[in-house]
Amino acid sequence: MAADAVGSETTPTLFLRNATGLVRGWSIRDTIIYACLATNFVTLGLYEFTFAGPAFPKGQMLTAVIISAVWVSFLVVAYSGLIVTIPRAGGDYVWQSRILGSGLGFVMAATGWWFILWLWAPIYGNILSVQLFQPLWATLKWTWPGGGAAWFGTDNGIFVVTLITIVIAGLLVSLGMGGYARFQKWCFLGGMIGFAVIVILLLVNSHQDFVNSFNLYGKQLFGVNNAYNATNAAAAKAGYSTSPFSFGPLGPTMLLVPAMMFFILWPNWGATLYGEIRGASDFRRVFTGMFVGLWITVLCTVIFFLLIDKTVGWGFYQNLNSLDYNLTPQFGIWPYPFLFAGWLVHNTAFQVILILVLSLWFFAWVGTLFLSSTRVIFAAAFDRVLPDKAAEVSEKRKVPVYSLILMLLPAAGLGAVYAYSTTFRSYTLDATLVIAVTYLFSAIAVVVLPFVKPDLWKASPASRIKLFGIPVVPVSGLITIGLLVFNLYEWLSNDLYFVNSHDSLYYMAGMYVLAIVLYVVARLVRKRQGIDLGLINKEIPVE
Amino acid sequence: MKVFFATDIHGSEVCWRKFLNSAAFYKADLVVLGGDLTGKAMIPIVAHSGYWQCVVRGETIRMDSRAELENVERQIRNKGFYPAVVTPDELQELSAEEGAVDRRFSHEMLHSLDRWLDMADGKLGGGRVPCILNGGNDDFFDIDPLIEASPLVNFGEGKAIDLDGFHMVSMGWTNPTPWNTFREAPEEELTAKIDAVVSQIPDMERAIFNFHAPPYGTGLDDAPALDETLRPMHGGAVMKPVGSTAVRDAITSYQPMLSVHGHIHESRGVKRMGRTLAINPGSVYGDGVLQGAVLELNPKKGKVTKYLLVNG
């Protein structure tokens, strides 16, 4: 039957025979790339910095990013523990269902991995609009549709680009991940090259070079005279004053942490684990992939901030952002720092290519928009919570028609609300909050795991990870709970995050009510059909 | 008639114990284990003077008493591995001698299955609940006569078993895998095997296919795409169908009432194929959880009236 030995040649510690599914561990490099793309410094990071800086002018973003990443590193440890203990593709749904109960698992998965993605669709759309269409149209001075680049920031513009995004993400779900995964890696490489070009530009040019270029293209593309000084003057007139680039003070900086979660909370987004002969090395592999991915993002952010301070001017960058924050953007479009860095080379073709290359960060990332939703919908259908049709795949085209409908139609509807209501648009951090609640319950699951499922825990490689005799994974779960509770408290108590208004709270509560209603109705309907959903995760006695 | 179907427990003793208790737990009239009963790995426990030592999941474990040894052996069995107590000299022989590991593996697998079959005594409603076991592609052929000889279970391979008017046919063979396992055959051979066993069914309306390989391209057969070194591609994010076209064609043309499958652990799911309900309950045997399907069959209508995938 041909067997392999594991361990040293003279003292093997494990013999494996030829059997299906004995695969080698996946490449850590892949995990790093996916973690990097999920904590997307360009699409999510730059987008959030525009709002976070002006909202909390006394805080320091550099310190906030580092504090956030240190804290999120514990989430990485906690999730690594869950992944190697119950390595299922269903992620939070499976962990919470198995450890905390089916109903809670469904409600958290449906809200955090399905319903809230309807809101992420227009956010993705808006990011595509401001990081590709607006800078491209501006650079090429295209005037169609009416208003040129600025049109993409109008209600209609946002809605159209949201629909484009939904179509792209829907197509990627339909076509499968095979080709896309390869494309994603090339995009990552291209995106990194684009970022490297930005770094070089900001490194080799002086502050005066930037001011000159900014003034030149501000006038040439947008007709603004002396744009650099005009920006500072406009911000000052609006009463905005920023702090110089430094590391403190801690109090106001901590208020930036809940904002930074918008881009830094997702290193665990794509982490799954296949392979059945699992050992301590798997924990290291999973952890290393996510951890390194997270910290590469942090490194990029730190380099970006330092170069902004050196070449662009920190105060100017914040002033620029503050104008957009107050809905009076300097050039009528979102202040895309990479567009302005590209102006340091006075060549339109170069600037266009740079915008296109940097847009690869978006295209590497957009495919994940509906992927988790499909998985949750399928899992819920197989668990008989949703009708069987929800998991149906068309014979001819292999497209999950009904699950796509369940994702795309509400996303398009919410996209319209987002586009035509500036108030609703301000609920951007709702998208982070709802997923954070789902994470919170997974963190609780990892803390109670040793008590609720002691055999499963003892058998897990995660239980062997100890520091001074203390199991690291559950303790990291506790620290993660601290992070998430802190964020939730701030989001819900501080008006500056724009998530605690009545309408925003009603919107989020509505999603939880919808999930609870779905689950309760499913239980009742299935009960009438003679099917007890309570049996799904009930453990068969061993003895 | 209520049926509990599970599959691919791969030597996990805790899953076997749960399977034996499943009839009582789900109030099933019939329990079926679809194949791949035997484990994939063997852990040598080296007996030194006054203590034993082994490495489990990268951690060296020292056992100073027989009670500790038994506890570790139990944990190893529950994970689906075989504990093999050896002297240091025996371990060296295993490493050095051609075929020694295979022989020891065979011994442990047969010994373990024998113990399992003994455990069935007193379970399964004291023998009142019929139980069908079958081999899968990972099971070597020596287990077949052992199961066949057991008075407590029925060996399903190649037979049409009458179950109060329903007929179940079983096949543990699969289409070729990258691991070159025991019961693999090209698709044409699978078609011939299927046709031979299906020809024994008198009424296709009440037929149940118990084929280890899932039908190709149905979502019941999606496994991580692997590169040539058997490493999951793209971080395991890309899945591809690896099921059998022969099984798919057989279901499509014969249209049995129910078709149950295993083999691809990650592909837990349900698929309607014409009038056939096809199910792969998946497997997470390594976690000690017995995934399965609870099915209610209506003999009058010849259809599956209820199903539920469970994590028992």
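By convention in this document, chain letters (A, B, ...) are assigned in the order of the sequence lines, proteins followed by strands, and residues within each chain are numbered from 1.
A:Arg384 places a side-chain N or O within donor-acceptor distance of the main-chain N or O of B:Tyr307, the cut-off being under 3.5 Å. With hydrogens and angles disregarded, no donor-acceptor distance shorter than 3.5 Å links the side chain of B:Arg268 to the backbone of A:Ala379. With hydrogens and angles disregarded, no donor-acceptor distance shorter than 3.5 Å links the side chain of B:Asp287 to the backbone of A:Ile86. Put simply, the side chain of B:Asp138 never gets that close to the backbone of A:Ala19: no donor and acceptor are under 3.5 Å apart. Judged by distance alone, with hydrogens and angles left aside, the side-chain atoms of B:Lys40 form a donor-acceptor pair with the main-chain N or O of A:Thr20 at under 3.5 Å.
Looking at B:Leu226, the atoms closer than 4.5 Å to chain A (heavy atoms on both sides) all sit in the side chain, from C-beta outward. Of the two parts of B:Lys240, neither the backbone nor the side chain holds a non-hydrogen atom closer than 4.5 Å to a non-hydrogen atom of chain A. For B:Val46, no part lies under 4.5 angstrom from a heavy atom of chain A. Contacts between B:Thr181 and chain A at a heavy-atom distance below 4.5 Å involve the side chain alone, from C-beta outward. When heavy atoms are compared at a cutoff of 4.5 Å, B:Met233 approaches chain A by way of both its backbone and its side chain. For a residue to count as touching a neighbouring chain, one of its non-hydrogen atoms must lie under 4.5 Å from one of that chain's; by this rule B:Asn21 touches chain A with backbone and side chain alike. For A:Ile536, the parts sitting under 4.5 Å from any heavy atom of chain B are the backbone and the side chain alike. Contacts between A:Ala181 and chain B at a heavy-atom distance below 4.5 Å involve backbone atoms as well as side-chain atoms.
Shown here is B:Tyr26, whose OH atom has more than 12 heavy atoms of other residues, nucleotides or ligands within 6.0 Å. Taking a 6.0 Å sphere around NZ of A:Lys185, one finds it holds more than 12 heavy atoms contributed by other residues, nucleotides or ligands.
Contact record, A:Leu16 with B:Phe105: C-CE1, 4.1 Å, taken as the closest heavy-atom pair. The shortest heavy-atom contact between A:Phe15 and B:Pro44 is CE1-CG, 3.9 Å. For the residue pair B:Leu308 and A:Leu533, the shortest heavy atom distance occurs at CD1-CD2, 3.9 Å.
A:Ile531 is not listed as a side-chain neighbour of B:Val294, based on a closest heavy-atom distance of 4.5 Å or more. In this structure, A:Asp388 and B:Val270 have side chains that are not in contact, with every pair of non-hydrogen atoms separated by 4.5 Å or more.
Between chain B and the options A:Glu392, A:Arg29, A:Arg526, A:Arg182, the largest number of non-hydrogen pairs under 4.5 Å is found for A:Arg182. Between chain A and the options B:Gly39, B:Pro178, B:Pro88, B:Ala24, heavy-atom pairs under 4.5 Å are most frequent for B:Gly39. Interface check for chain A: of the options B:Thr38, B:Ile279, B:Thr60, B:Leu290, the most heavy-atom pairs under 4.5 Å are formed by B:Thr38. Listed options A:Asn537, A:Asp30, A:Ile540 were ranked by heavy-atom pairs under 4.5 angstrom with chain B; first place goes to A:Ile540.
Interatomic distance, CE of B:Met109 versus CZ of A:Arg17, reported as 4.5 Å (0.5 Å rounding). Distance CG/B:Asp102 to CG/A:Asn18: 9.0 Å, rounded to 0.5 Å. Atom CD of A:Glu539 and atom CG of B:Asn311 lie 10.0 Å apart (nearest 0.5 Å).
Using a 4.0 Å cut-off between charged nitrogen and carboxylate oxygen, A:Asp532 and B:Lys306 do not count as a salt-bridge pair.
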Verdict with reasoning, B:Lys18 to A:Val542, per side chain to side chain contact (heavy atoms under 4.5 Å, CB included): CA-CA 5 Å; B:Lys18 286 180 172 184; A:Val542 178; 3.9 Å; yes
